[in-house]
Amino acid sequence: MLRWKRILLGVTGGIAAYKSADLASKLTKQGADVHVGMTSHAAEFINPLTFQALTGNQVISDMFGANTETSMTHIDLARRVDGVVIAPATANIIGKLAHGIADDWLSTTLLATRAPILVCPAMNTRMFENPIMQDNLNRLKQFGFHVSPTGFGDLACGEHGPGRLLEVEQILELVHLMLSEKNLTGLKVLVTAGPTREHFDPVRFISNPSTGKMGYACARVAARRGAEVILVSGPSSLSEPMGVRTIQVTTAREMEEACLAYYPETDVVIKTAAVSDHGPREVSPHKIKKADQKPTLDLVQSPDILRRLGQEKKRQILVGFAAETRNLVEYAKVKIDEKNLDLIVANDVAQEGAGFGSDTNIVKILFRDGLVQELPRLPKEEVADIILDRVKDLIEARSKNGAPS
Ligand code: C5P
């Protein structure tokens, strides 16, 4: 969440300016106090009133005009903001910023602020590929600006290539990565997510309804907080989180291989994946036909990855998940011992607002000493944040007790 963050959204004059209305809305919905500063060209593309309605704050575009509260708004806001996003950033604002030109409200404010600035370029492919533009972007990076990649595809000008404004959801993630407190720096976190699939013929498989939302939230939040994150994901329709190394797998066996490969260098494992507990003993090389004899499935157990990680545990913190439909806490308590875990996150998947596919979760966090932390219904990202807080507590307690970290 971006609660309590004051963000200046700089909008400059490109056709992608209409997309920044969506960005302003999403930033505001995540709890940020959004102030929009527009260039006069941007105001030709989109009416300032749109941003005013979406953010609840007055839009500033004119250095000396009626919509500036005081003659010093550029200094005022420059001092008070936690972060700046320029989206879309035209060739013009990038050129001005790279060379210290301050000839309107936005460019002056950008020079006056010490807050981190994310520049999201959007322009015609040829303009973007122009060596002058690339040089300006490199200059900005050298000065410590965050520069987003551009999207690739069809542009409004009819060209095809780089230069599209990055998707709003991805810009939002870059804002999180830029503004989140970096309190997990130096930690290597391995997250597993999604279901696995165990095929019994080329087009059919045994699986479960896991979407990967909880695991992807853990990976995103850990990366925002500065951890180095590897996400081992079973089949999922979610997009790969930014700032995270994602490894796509299909079967439990493949997930196990990927986990074991990274385990020795990992500090924390968060195992949200809903691994299919059973798979077929044999896989038919061809699709089983309806007309064939009624098929029977002979099942074997899939590898229990977490149990194996528990057996091979050295210094790692192991977090397991327990999805149950009854006797939640009792089953979870057994699992924490059996699989040699440090924490287990238990959720009753039968409850509304919890479990598979939901954007929220209702969980209980169980510790080895029997302590249970009960959480209310929360967005999965907030649940992820709290799990990572508890992991951080464990690591800090360990280093205080002098245990090797
Ligand atoms: O034993 P159960 O499936 O209830 O345990 C759930 C936890 O164990 C989850 O963290 C899940 O990712 C992990 N698990 C595993 N390999 C399996 C089954 C579950 O790693 N085959």
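Note that ligands are numbered from 1 as they come in the structure, with each ligand's atoms numbered from 1 the same way. Start at 1 with the first residue, then count along the sequence.
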- Any idea which protein heavy atom is nearest atom 3 (O) of ligand 1, and the distance to it? Asp277 OD1, 4.0 Å
- Please answer whether the main-chain N or O of Lys380 pairs with a side-chain N or O of Asn361 as donor and acceptor at a distance below 3.5 Å. no
- Are Asp359 and Lys213 within salt-bridge range, i.e. N to O under 4.0 Å? yes
- Task: Just need the protein heavy atom nearest to atom 17 (C) of ligand 1, so name the residue and atom and give the distance.
- Result: Val275 CB, 3.5 Å
- Message: Among all protein heavy atoms in this structure, tell me which lies nearest to atom 16 (N) of ligand 1, with the distance rounded to 0.1 Å.
- Response: Ile305 N, 3.1 Å
- Specify the closest pair of heavy atoms between Ala21 and Ile46, including all atoms of both residues, with the distance to one decimal. CB-CD1, 4.0 Å
- dist Leu184:CG -> Glu228:CD (nearest 0.5 Å) comes out at 12.5 Å
- Output yes when Arg308 and Glu312 qualify as a salt bridge under the 4.0 Å nitrogen-oxygen rule, no when they do not. yes
- Looking at Val84, Ile93, Ile94, Asn136, which hits side-chain contact (heavy atoms from CB on, under 4.5 Å) with Val119? Ile94
- Message: For the 3.5 Å polar cut-off, considering only N or O atoms, please tell me whether Ala274 and ligand 1 meet it.
- Response: no
- Message: I need the atoms of ligand 1 closer than 4.0 Å to a non-hydrogen atom of Gly320, numbered in the order shown.
- Response: 10 (O)
- Message: Measuring from atom 20 (O) of ligand 1, which candidate in Ile344, Leu309, Val334, Leu306 has the nearest non-hydrogen atom?
- Response: Leu306
- Message: Asp342 and side chain to side chain donor-acceptor pair (under 3.5 Å): which single residue from Lys313, Gln316, Arg390 fits?
- Response: Lys313
- Query: Do you know which two heavy atoms are closest between Thr246 and Ser233, and how far apart they sit?
  - Reply: CG2-CB, 4.4 Å
- Message: Taking distance alone, with N or O pairs closer than 3.5 Å, would you say Glu324 contacts ligand 1?
- Response: no
- Item | Within-shell test, Lys339 vs ligand 1, heavy atom, strictly < 4.0 Å | yes
- List every atom of ligand 1 that sits less than 4.0 Å from any heavy atom of Ala273, numbering the atoms from 1 in the order shown and giving each element. 11 (C), 12 (O)
- Taking the non-hydrogen atoms of Thr192, is any one of them nearer than 4.0 angstrom to ligand 1? no
- At what distance is the nearest protein heavy atom to atom 4 (O) of ligand 1, and which residue and atom is it? Lys335 NZ, 2.4 Å
- Distance to 0.1 Å, residue and atom name: give those for the protein heavy atom nearest to atom 7 (C) of ligand 1. Phe321 O, 3.0 Å
- Closest heavy-atom contact between Ala193 and Leu231? CB-CD1, 3.8 Å
- Is Lys271 in polar range of ligand 1, meaning some N or O pair under 3.5 Å apart? yes
- Query: Can a non-hydrogen atom of Pro303 be found less than 4.0 Å from any atom of ligand 1?
  - Reply: yes
